2 protein chains.
Amino acid sequence: MPDEPLLDIGEVARRTGLAPSALRFYERKGLIAPEGRNGLRRAYRPEVLERLGLITCARSAGLSVAEIGRFLAARPSDGDLRERMTARAEDLDEQIGRLTRLRDSLRHAAVCTHEPVVDCPDFRRAIGGVAPRTHTGGDRPDAGPRRRSAHA
Amino acid sequence: MPDEPLLDIGEVARRTGLAPSALRFYERKGLIAPEGRNGLRRAYRPEVLERLGLITCARSAGLSVAEIGRFLAARPSDGDLRERMTARAEDLDEQIGRLTRLRDSLRHAAVCTHEPVVDCPDFRRAIGGVAPRTHTGGDRPDAGPRRRSAHA
DNA sequence: CCTTGACTTGAAGCGTGGTTCAAGTTCCAG
DNA sequence: CTGGAACTTGAACCACGCTTCAAGTCAAGG
């Protein structure tokens, strides 16, 4: 076992690009933990860098810190969690579709000559179906829980 | 001109799935506006439904309400804005890549048998490069503005 | 030993994206 | 005219994801 490869919070911060405050925040939320303390100071195993990469990635995909925490704690026996992961993967799939269409629309918009760019028919076409629904024919029964933040 | 095809806020809410409060919020932020008022009540042209579809879509892609506002105001003469759109499209492209990798990783994780799922080498491999960077070799000069929210 | 600078804590603050509430207005039916 | 539902406003509140601050502690170097 190598002498003491432990990193202090400042080091981890520099290597991940995250602020120390963010690291402490993640710790409070249970996403990471120092291997131990050097006095009061957190001492991290280098593995935390990978974990943080993962976290940053998941964050960038729109997962909430809370959910990332649950995923990080996952064990093969967590059937529930596996289902949630699968569900998430499907959400991501849809999201990827939307993003792709939006990207294409933006690319077109950047080049198109319609007055309010938004009115360009090509743009419209490219966007088409991007939105969850613009159902002009009513179908919502009534007072369901008003759609919350969509993700997380 | 057809008699009075104007929609009231409740109607728009029902047809878009957005809460009336959200519509007023978007109005404050300049994303939408009623055609006029019927007394005090907002009267919307049906076109707003499309616009809201667009907004919802862009939101779901992670654009901030403020930026959506700028894009919605775009005119062909806005060179600046076109550049921003192109830049956004490129961001989206990267984002799509990250999401795709994360999706695949999640799909694998949901099926893999490693103890802390996160430690599965396949998972790791799938994730590989998803994170913005886990640069183990230092390169950050120093006190730059600590990375802000990444998007918007 | 003493300084210095990076760390520690908890609490407060901030920006975003809304929701909720109170109090009042207005439309429409009956 | 009267009632009730749906609208109006501004202001307050919420959750999230952090950052910032004040006040204190500690490890290491000169």
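All values reported here derive from a predicted model rather than from experimental measurement. Lettering follows sequence order; numbering is per chain, from 1.
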Identify whether any heavy atom of [X] sits under 4.0 Å from a base atom; if not, whether one sits that close to sugar-phosphate; answer base, sugar-phosphate or nothing.
X: A:Arg59; answer: sugar-phosphate
X: B:Arg28; answer: nothing
X: B:Arg42; answer: sugar-phosphate

Taking atom [atom2] of [N] as reference, at what distance in whole Å does atom [atom1] of [X] sit?
X: A:Leu63; N: D:dC16; atom1: CG; atom2: C1'; result: 14 Å
X: B:Ile55; N: C:dG17; atom1: CD1; atom2: P; result: 12 Å
X: A:Leu23; N: C:dT9; atom1: CG; atom2: P; result: 12 Å
X: B:Glu27; N: C:dT19; atom1: CD; atom2: P; result: 15 Å
X: B:Asp8; N: D:dA5; atom1: CG; atom2: P; result: 16 Å
X: B:Leu18; N: C:dT19; atom1: CG; atom2: C1'; result: 13 Å
X: B:Leu52; N: C:dG18; atom1: CG; atom2: C1'; result: 15 Å
X: B:Ile68; N: C:dG17; atom1: CD1; atom2: C1'; result: 11 Å

Restricting to non-hydrogen atoms, name the atom on [X] and the atom on [Y] that form the minimum distance, rounded to 0.1 Å.
X: A:Arg82; Y: B:Ala109; value: NH1-O, 3.3 Å
X: B:Ala19; Y: B:Ala13; value: C-CB, 4.5 Å
X: A:Ala110; Y: B:Thr86; value: CB-OG1, 3.5 Å

Five-pair end axes of the helix from C:dC1-D:dG30 to C:dG30-D:dC1, angle between them (10°):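 One end's axis against the other's: 10°.
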Kindly indicate whether the side chain of [X], heavy atoms from C-beta on, has any atom under 4.5 Å from the side chain of [Y].
X: A:Leu31; Y: A:Phe25; answer: no
X: B:Arg103; Y: A:Ile96; answer: yes
X: B:Tyr44; Y: B:Ile32; answer: yes
X: B:Phe71; Y: B:Met85; answer: yes
X: B:Glu27; Y: B:Arg42; answer: yes

Return the 5'-most residue of the pair A:Phe25, B:Gly10 with respect to DNA chain D, ranking by each residue's nearest nucleotide.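 The 5'-side residue here is B:Gly10.
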Salt bridge check: are B:Arg101 and B:Asp104 linked by an N-O gap of less than 4.0 Å?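 A salt bridge is absent here (no side-chain N lies under 4.0 Å from a carboxylate O).
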For the side chain of A:Arg24, counting heavy atoms from C-beta on, which of D:dT19, C:dT9, D:dT8 is nearest?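 Within the option list, the nearest is C:dT9.
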Taking only the side-chain nitrogens and oxygens of A:Tyr26, find out if one of them lies under 4.0 Å from OP1 or OP2 of D:dG17.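 So the side chain of A:Tyr26 is outside the cut-off, no N or O lying under 4.0 Å from OP1 or OP2 of D:dG17.
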Contacts under 3.5 Å, N or O only, protein and nucleotides 23-30 of chain D:
| unit_1 | atom_1 | unit_2 | atom_2 | d |
| --- | --- | --- | --- | --- |
| D:dC26 | O2 | A:Arg41 | NH2 | 3.1 |

Given that B:Ser21 and B:Lys29 both sit by DNA chain C, which one's nearest nucleotide is further toward the 5' end?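 Comparing both residues, the 5'-ward one is B:Lys29.
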